[in-house]
Amino acid sequence: MLFETDDHQRLRQQVRDFAEGEVTPHVARLESSAAVDTILPTLIAEQGWIGVTIPREYGGMAAGHLAKTIIIEELSRVSGAAGAIAQASQLGVAKILHFGTEQQKQQWLPRIAAGTCLPTIATTEAGSGGHVLGMQATAQRDGDHYILNGSKKFVGNSHVGHVHGVIVRTGGADTRPSKSLSAFLVEADRPGIRLVEHQPAMGLHGFSFGDIEFNDVAVPAANRLGNEGDGLHVAYSSSVLYGRPNLTAVSLGIHQAALDSTVAFVKERRRYGAPLADLPTIQHKVGLMHHRLITARQTAYHAVHLLDRGDPCDGKLMSSKYGNVEAAMDSVRTAMEVHAAAGLRTDRPLERYYRDAACIYAPAGTGDIQLLRLAETALGDDRGQWSERLAHLTALAPQAPHSATSTATREHAA
Ligand SMILES: Cc1cc2nc3c(=O)[nH]c(=O)nc-3n(C[C@H](O)[C@H](O)[C@H](O)COP(=O)(O)OP(=O)(O)OC[C@H]3O[C@@H](n4cnc5c(N)ncnc54)[C@H](O)[C@@H]3O)c2cc1C
């Protein structure tokens with residue numbers, strides 16, 4: 001397949017075998033309980049896959065972003081929740097790779113790569129989703145510590161994560177907005193942290209994307225990522241270089257599953273004395289789903305292939321997130337039409353794909369946010385690419401960093 005090496009194909013087969021053998025038996029339980037699952041996160045982390053982009057010197061696979069896409073896609077083909085669990089902590093790696101000190105890398109990356117530590121990133125709040133600078137959570141310096149207060153919402157792996165990457169406000173009223181936030185590594189067992197009771201969502205059952213409260217949580221200054229004021233950069237770079245392609249991959253896996261189950265259905269289902277697949281309107285719908293999937297996969301793989309080369313590709317990462325989510329949601333709707341009443345019952349997986357696909361719209365930027373960013377790129381209003389600044393850190397053939405045109409970032413939306 002496009003851009004895939006033999007190593008990628010071996011990895012795909014390995015993940016597919018794992019997903020079909022080890023994840024499938026859990027799916028019915030996840031669906032019926034809708035509680036936070038603690039078994040799959042451990043099983044997935046034990047494979048070493050959270051460390052897929054972590055360099056070998058820290059015990060990681062150093063296999064890059066296309067390999068990460070393949071891992072998430074294959075897990076999501078069997079269970080959107082399993083793919084979401086993997087991607088959320090792979091996303092949590094980004095901030096440490098991009099902004100961590102050597103000491104922070106030595107402390108956290110080997111444990112993450114070994115599968116004994118799941119990182120998260122906690123940016124979203126009740127009053128700030130796409131509008132990151134609207135956040136209210138704060139960190140006040142107190143000697144060699146900071147004291148964190150506030151609440152984070154929809155944090156991927158919130159209830160199973162071991163170290164949260166928390167973005168909070170450190171600047172005062174006179175601080176430039178883009179320098180008003182800072183990022184911290186906060187161990188999940190620090191006093192003052194409270195996990196809000198899990199609230200089941202429409203889809204991705206078993207995956208916790210829940211809420212965390214911080215009440216006077218003392219965090220050593222040594223846990224700060226980057227300089228004071230780098231928080232917006234930490235949030236944006238993680239979201240663009242890891243969040244977008246990760247959610248793209250979840251979408252891709254669900255999309256593939258919807259096509260596979262529809263193909264099986266139209267061959268098995270008989271109407272007018274023949275398989276449903278013989279009807280021209282059904283063929284048209286299956287063809288349309290296949291077309292969407294091929295196009296979606298090409299854009300997804302191309303974008304992460306560029307990331308693996310260390311090439312500038314922010315626009316392509318955003319475009320593929322937008323296109324993949326739209327295409328997958330269109331296809332699950334088409335699949336529902338083909339299945340008609342049979343698609344609604346829980347004895348088939350289609351209604352799960354439908355619900356799971358809808359959950360991928362918001363994270364790492366809604367469709368509106370991707371289009372806003374793409375418009376800025378087209379209009380020449382963007383202020384430099386994160387891939388230009390940081391892709392060399394995970395590139396498969398390491399290159400010198402591109403000369404970034406600017407280190408500034410947008411000040412108003414993620
Ligand atoms: C499955 C899942 C996993 C998640 N994982 C994480 C995680 O790991 N960490 C984390 O911090 N958060 C996470 N989130 C939260 C996610 O990042 C937010 O949902 C997302 O940023 C959108 O924020 P919001 O839902 O508050 O919507 P809002 O930002 O309030 O948007 C509401 C509506 O306004 C539109 N809108 C907003 N701003 C603009 C604009 N500037 N121009 C045009 N339209 C606009 C949006 O498109 C949307 O239609 C997750 C969410 C989900 C569903």
Side-chain angles (χ1 to χ4, degrees), residues 34 36 41 50 72 76 79-95 118-137 150-161 163-168 181 183-184 186 188 195-196 198-214 231-232 234-240 242-244 246-251 253-254 318 321-322 325-326 328-329 355-376 381 410-414:
V36 174
I50 306 301
I72 300 168
S76 303
S79 158
I85 288 165
Q87 73 77 28
S89 281
Q90 288 165 338
L91 163 62
V93 165
K95 63 189 181 293
L118 288 169
T120 76
I121 187 149
T123 305
T124 307
E125 297 183 6
S128 68
H131 181 210
V132 174
L133 284 171
M135 71 168 58
Q136 298 296 320
S151 301
K152 294 292 172 183
K153 266 189 119 55
F154 304 120
V155 177
N157 281 343
S158 52
H159 286 51
V160 295
V163 60
H164 303 299
V166 189
I167 317 291
V168 288
L181 308 181
F184 296 89
V186 184
L195 293 174
V196 177
H198 173 68
Q199 292 184 36
M202 170 184 179
L204 302 178
H205 291 173
F207 171 54
S208 57
F209 50 111
D211 306 349
I212 310 176
E213 288 178 0
F214 299 86
L232 194 65
V234 173
Y236 282 6
S237 59
S238 297
S239 179
V240 173
Y242 276 69
R244 261 85 162 176
N246 288 9
L247 276 311
T248 296
V250 178
S251 203
I254 296 169
M318 296 173 195
K321 202 272 178 176
Y322 177 78
V325 169
E326 294 297 319
M329 291 201 299
R355 290 184 287 103
D356 287 354
C359 293
I360 313 305
Y361 180 77
T366 63
D368 293 322
I369 294 294
Q370 311 305 336
L371 294 181
L372 190 64
R373 295 283 158 266
L374 286 163
E376 285 168 359
D381 281 347
R410 308 300 300 171
E411 298 201 352
H412 301 300

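What's counted below: heavy atoms across the whole structure, side chains too, no hydrogens, waters or symmetry copies. Each ligand, and each atom within it, is numbered from 1 in the order the structure gives.
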Testing the basics here: between Cys359 and Leu204, what is the closest heavy-atom pair and its distance to 0.1 Å? CB-CD1, 3.6 Å
Taking non-hydrogen atoms only, is Phe154 closer than 4.0 angstrom to ligand 1 via side chain, backbone, both or neither? both
Look only at interatomic distance and state if Gly130 has a nitrogen or oxygen under 3.5 Å from any nitrogen or oxygen of ligand 1. yes
Contact (N/O only, under 3.5 Å) between Thr123 and ligand 1: yes
Nearest candidate to atom 10 (C) of ligand 1, where distance is taken over non-hydrogen atoms, out of Asp368, Thr124, Asn157: Thr124
Atom of Tyr361, atom of Asp368 and distance for their closest heavy-atom approach: OH-N, 3.6 Å
Restricting to non-hydrogen atoms, name the atom on Ser151 and the atom on Glu213 that form the minimum distance, rounded to 0.1 Å. OG-CG, 3.7 Å
So if I count the atoms of ligand 1 from 1 in the order they appear, which ones are less than 4.0 Å from some heavy atom of Ile121? 7 (C), 8 (O), 9 (N), 10 (C), 11 (O)
Tell me whether Lys152 contacts the main-chain N or O of Thr123 through its side chain, where contact means a donor paired with an acceptor under 3.5 Å. yes
With atoms numbered from 1 as shown, which atoms in ligand 1 lie under 4.0 angstrom from a non-hydrogen atom of Ala122? 11 (O)
Does ligand 1 have an atom that lies less than 4.0 angstrom from a heavy atom of Ile369? yes
What heavy-atom pair brings Gly243 and Ala364 nearest, and what distance separates the two atoms? C-CB, 3.5 Å
Could you tell me, atom by atom, which parts of ligand 1 come under 4.0 Å of a heavy atom of Gly156? 5 (N), 6 (C), 7 (C), 8 (O)
Would you check if the side chain of Gln87 reaches a backbone N or O of Ile72 as a donor-acceptor pair within less than 3.5 Å? no
So the atoms of ligand 1 within less than 4.0 Å of a heavy atom of Thr366 turn out to be 46 (C), 47 (O)
Which of the ligand 1 atoms, numbered from 1, are nearer than 4.0 Å to a heavy atom of Ala362: 19 (O), 20 (C)
Say whether, by atom type as modelled, one donor and one acceptor occur between the side chain of Arg355 and the main chain of Met202 under 3.5 angstrom. yes
Go through ligand 1 atom by atom and flag the ones less than 4.0 Å from a non-hydrogen atom of Cys359. 1 (C), 53 (C)
Return yes if some donor-acceptor pair links the side-chain N/O of Gln370 with the main-chain N/O of Gly365 below 3.5 Å, else return no. yes
